[in-house]
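One structure is given below, encoded as structure tokens.
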Amino acid sequence: MNIEQFVESKSAAAVEALFGARDAVVQIQKTRKEFAGDYTLVVFPLLKASGRGPEQTAAAIGGWLVANVAEIEAFNVVKGFLNLSLSEAFWAARFAEIATDANFGHHAPSGRTVMVEYSSPNTNKPLHLGHVRNNLLGWSVAEILKACGHKVLKVNLVNDRGIHICKSMLAWQLFGGGETPASTGMKGDHLVGKYYVEFDKHYKAEIKELVAGGMDEEEAKRQAPMILQAQEMLRRWEQKDPEIYALWERMNGWVYDGFEKTYAAMGVDFDRTYYESQTYLLGKSLVDKGLAAGVFFRRDDGSVWVDLEADGLDQKLLLRSDGTSVYMTQDLGTAYQRYEEYRFDDLIYVVGNEQNYHFQVLKLILSKLGNAWADHITHLSYGMVELPEGKMKSREGTVVDADDLIAGMVATAHDMSQELGKLDDATPEQADAISRMVGLGALKYFILKVDPRKTMLFDPRESIDFNGNTGPFIQYTHARIRSVLRKAAETGVSRDATGATPLPAEVELIKQLTDFPGVVAAAGENFSPALVANYVYELAKLYNGYYHDHSILREENAAVRAFRLDLSEQTGRVIASAMALLGIAVPERM
RNA sequence: GGUUCCGUAGCUCAGUUGGAUAGAGCAACAGCCUUCUAAGCUGUAGGUCGAGCGUUCGAACCGCUCCGGAAUCACCA
């Protein structure tokens with residue numbers, strides 16, 4: 001039982017004892033910091049039961065609680081709000097619990113298996129800023145769900161087949177001149193991306209030429225030789241043409257090497273990777289089953305559709321007229337395979353909100369095919385990352401590349417640390433490690449502190465801040481705490497805090513610490529790392545204020561000093577574990 | 001046009017199921033290092049919570065209408 005529930009149950013008991021109301025609505029919230037007290041009971045809903053005014057009702061309940069509940073020490077009434085203060089001893093006991101709980105913040109096993117899909121890259125171009133948000137979110141949500149006690153499977157789905165892959169393959173075949181990552185020194189995903197752009201360039205030129213020759217533009221888009229060749233390549237691929245297959249494997253291999261480096265740099269990982277090329281056939285067979293069952297229908301041209309108009313949606317294509325599969329086809333297959341393999345309780349797709357419609361349809365189709373587990377699919381629909389001028393557009397060269405972004409952040413962190421003289425005593429290896437930690441910390445925190453559902457803005461011209469509500473601010477607070485603890489250990493001061501009672505400022509810190517498990521739970525329920533980010537920022541801010549106002553090592557009372565060290569240590573520990581849920585490492589010094 | 005989402009300080013964002021005088025950071029201005037890390041701390045200034053109506057003892061939050069923005073409604077993924 002958490003503290004809020006404790007206060008709530010005692011308040012309910014008071015209401016029953018005083019007014020005889022059994023199931024009155026007892027509303028407990030944290031007391032706002034401008035008022036005295038720890039928890040506040042809002043008495044307005046209780047006025048009917050009490051038959052008195054707000055002040056009298058609040059005073060009566062407050063009096064009863066102080067008289068009958070040892071932990072509740074004092075109360076005050078402001079309008080209809082009853083502010084309750086818990087005793088120092090109560091908070092000291094809570095702190096002792098935290099200090100002895102090695103798993104503080106992590107919940108007991110729930111018995112549920114949750115699969116989280118994230119990343120899901122296409123193998124025709126390198127990762128960009130949008131993917132960065134996806135990867136950081138997915139990884140963090142998975143860690144948070146683990147902390148909530150679930151068994152979590154992080155899975156990736158590589159979109160390694162399809163017309164878009166054939167485009168870069170074709171362009172490389174036509175214009176590549178045998179270039180490889182080794183021959184060019186380019187990262188494989190970037191090299192392949194270059195040919196995807198190359199395809200588009202030539203395709204556009206062909207369309208232009210056809211239109212100039214008098215063809216309708218839509219027709220030109222369909223008839224341009226580049227697109228016809230790409231479509232032919234996809235058919236040959238689905239027929240497992242050895243030449244096309246070999247080319248496909250070769251170029252995808254380059255991309256995987258590149259992705260691996262980017263994933264490593266971001267610090268994300270997966271328990272299992274699915275490939276669309278290995279699930280689309282299963283998807284096709286599901287379409288056949290659905291056809292046989294009358295859930296889907298075939299048009300005269302041979303294409304297969306599902307009619308969702310009765311559900312307020314449209315008709316949706318499941319197989320093209322030439323028999324090749326589309327996105328939905330393989331997603332059906334992938335979902336099936338996953339359920340067969342893991343029997344998950346929940347499946348969470350971390351995918352951008354531009355695909356809301358797709359997932360609505362996916363769930364509906366899986367339901368129509370008779371799968372009860374379709375109800376346990378959640379689309380964690382996150383907002384786009386926008387630039388000041390709007391969406392990233394590859395045509396206008398405004399795409400923020402993930403590798404460049406990460407390297408830039410680390411370089412900025414290095415410069416700044418140097419400028420501040422923070423690296424003076426560090427070896428080059430230590431300096432690199434710190435710069436990496438701080439640069440990545442700034443980037444990750446910047447992205448994760450925003451509510452996932454919301455569109456967020458990133459201005460590449462202004463570097464991400466290192467002061468204020470930022471990752472480095474929190475990392476700094478941790479480094480500061482570790483520094484004090486190091487000095488304490490070096491001088492061998494007593495760590496016996498027996499007899500020390502917390503000051504009001506210390507109670508505030510303890511209160512914030514006790515909130516951590518609840519925040520983790522809420523973050524898990526809402527799939528929102530932002531809740532953890534905002535929590536740990538508040539904690540760091542609170543600690544910095546405390547640190548400023550109270551000296552620790554210079555405190556002369558040994559027990560008080562020891563208590564402050566304990567409080568600092570636990571704060572540092574919670575900062576580290578909250579940041580770990582965000583995938584952000586915290587340094588010992590910076 | 002249909003569906004979904006969003007609109008809070010100059011900028012970027014918080015605001016937990018409806019609760020007290022709507023909060024941070026950045027930017028601006030004024031202070032604080034002979035003292036445990038100043039990537040810090042304190043203060044000043046900055047708001048018609050897009051607009052209106054309604055429900056309620058009480059609305060940034062719930063409902064309706066409008067305004068503005070985004071996504072989507074592809075034989076792309």
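The figures here come from the full heavy-atom set of this structure, side chains too, leaving out hydrogens, waters and symmetry mates. Worth saying up front: this structure is predicted, and the values here are computed from it rather than measured. Throughout, a chain's letter reflects where its sequence line sits, starting with A, and its residues are numbered from 1.
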(request) Name the residue closer to the 5' end of RNA chain B, choosing between A:V450 and A:L313 according to the nucleotide with the nearest heavy atom. (result) A:L313

(message) Please determine whether any donor N or O and acceptor N or O are separated by less than 3.5 Å between the side chain of A:K30 and the base of B:rU16.
(response) no

(message) The side chain of A:N159 is closest to which nucleotide in this list: B:rA77, B:rC41, B:rC73?
(response) B:rA77

(request) Classify the side chain of A:S417 and the base of B:rA39 as holding, or not holding, a donor-acceptor pair under 3.5 Å. (result) yes

(request) Select one nucleotide: of B:rG19, B:rA20, B:rC5, the one nearest the side-chain heavy atoms of A:T31. (result) B:rA20

(message) Closest approach to the side chain of A:N469, judged atom by atom: which nucleotide of B:rG19, B:rC36, B:rG25 is it?
(response) B:rG25

(message) Tell me whether the ring of A:Y476 lies stacked over the B:rG40 base, given a 5.5 Å limit on centroids and a 30° limit on the plane angle.
(response) no

(message) Can you identify which nucleotide, out of B:rA20, B:rA71, B:rA39, has its nearest atom closest to the A:N353 side chain?
(response) B:rA71

(message) Going by centres under 5.5 angstrom and planes under 30 degrees, do the aromatic ring of A:Y547 and the base ring of B:rG40 stack?
(response) no

(request) Scan A:H550 against the nucleic acid and name what it touches under 4.0 Å (heavy atoms): base, sugar-phosphate only, or nothing. (result) base

(message) Is the phosphate of B:rA24 approached by A:K449 (side-chain N or O, under 4.0 Å from OP1 or OP2)?
(response) no

(message) Are A:F458 and A:E386 packed together at the side-chain level, in the sense that at least one heavy-atom pair is separated by less than 4.5 angstrom?
(response) no

(request) Give a yes/no answer on whether the side chain of A:K422 brings an N or O atom under 4.0 Å of OP1 or OP2 in B:rG40. (result) no

(message) Given B:rC36, B:rU12, B:rG19, identify the nucleotide with an atom nearest to the side chain of A:L457.
(response) B:rU12

(request) State whether the aromatic ring of A:F473 stacks on the base of B:rA39, taking stacking to mean ring centres under 5.5 Å apart and ring planes under 30° to each other. (result) no

(message) Nearest to the side chain of A:V484, heavy atoms from C-beta on, is which of B:rC6, B:rC36, B:rA24?
(response) B:rC36

(request) Have a look at A:Q355 and say if it touches a base, only the backbone sugar-phosphate, or nothing, with a 4.0 Å heavy-atom cut-off. (result) base

(request) Write down the distance separating the P atoms in B:rG47 and B:rC66, rounded off to the nearest Å. (result) 31 Å

(message) Over all strands shown, is A:A522 touching base, sugar-phosphate only, or nothing at heavy-atom distances under 4.0 angstrom?
(response) nothing

(request) Output the single nucleotide from B:rA24, B:rA77, B:rG40 whose closest atom is nearest the side chain of A:K316. (result) B:rA77

(request) Write down the distance between NZ (A:K33) and C1' (B:rU21), rounded to a whole number of angstrom. (result) 13 Å

(request) State whether the distance check finds a donor on one side and an acceptor on the other, under 3.5 Å, for side chain A:T40 versus base B:rA20. (result) yes

(message) Does a side-chain N or O of A:R320 approach OP1 or OP2 of B:rA77 to a distance below 4.0 Å, or not?
(response) yes

(request) With heavy atoms under 4.0 Å as the rule, sort A:D425 into base, sugar-phosphate or nothing. (result) nothing

(request) Measure the distance from NZ on A:K454 to P on B:rU12 and round it to the nearest whole Å. (result) 12 Å

(message) Please compare A:R589 and A:M384 by the position of their nearest nucleotide in RNA chain B and report the one closer to 5'.
(response) A:R589

(request) Calculate the interatomic distance between A:F44 atom CZ and B:rA59 atom P; express it in whole Å. (result) 11 Å

(message) Under 4.0 Å, heavy atoms only, any strand: does A:V326 hit a base, just the sugar-phosphate, or nothing?
(response) sugar-phosphate

(message) With hydrogens left out and only the distance checked, is there a donor-acceptor pair under 3.5 Å joining A:N124's side chain and the base of B:rA77?
(response) no

(request) Remember a base hit wins even if backbone is also touched, and classify A:P45 as base, sugar-phosphate or nothing at under 4.0 Å, heavy atoms. (result) base

(message) Mind checking if A:F81 touches a base, just sugar-phosphate, or nothing, with heavy atoms under 4.0 Å?
(response) base

(message) Quick check on B:rC33: syn or anti? Syn means the glycosidic torsion is within 90 degrees of zero.
(response) syn

(request) Find the distance A:E276:CD to B:rA77:P and express it as a whole number of Å. (result) 7 Å

(request) Please state how far atom CG in A:N544 lies from atom C1' in B:rG25, giving the value in whole angstrom units. (result) 14 Å

(request) Grab the two heavy atoms, one from A:P121 and one from A:L127, that are nearest each other, plus how far apart they are. (result) CB-CD1, 4.0 Å

(message) When the P atoms of B:rG43 and B:rC26 are compared, how many Å lie between them, rounded to an integer?
(response) 14 Å

(message) Taking the side chain as everything from C-beta on, heavy atoms only, tell me whether A:P587 gets closer than 4.5 Å to A:M590.
(response) yes

(request) Could you tell me whether A:H358 and A:Y327 have their ring centroids closer than 6.0 angstrom? (result) yes

(request) Would you mind classifying the nucleic acid contact of A:E309 as base, sugar-phosphate or nothing, using non-hydrogen atoms under 4.0 angstrom? (result) nothing

(request) Find out whether the Lys NZ or Arg CZ of A:R133 is both under 6.0 angstrom from the six-membered ring centre of A:Y382 and within 45° of the ring's axis. (result) no

(message) Does A:R161 qualify as a cation-pi partner of A:W248, given the criterion of NZ or CZ under 6.0 Å from the six-membered ring centre and within 45 degrees of its axis?
(response) no

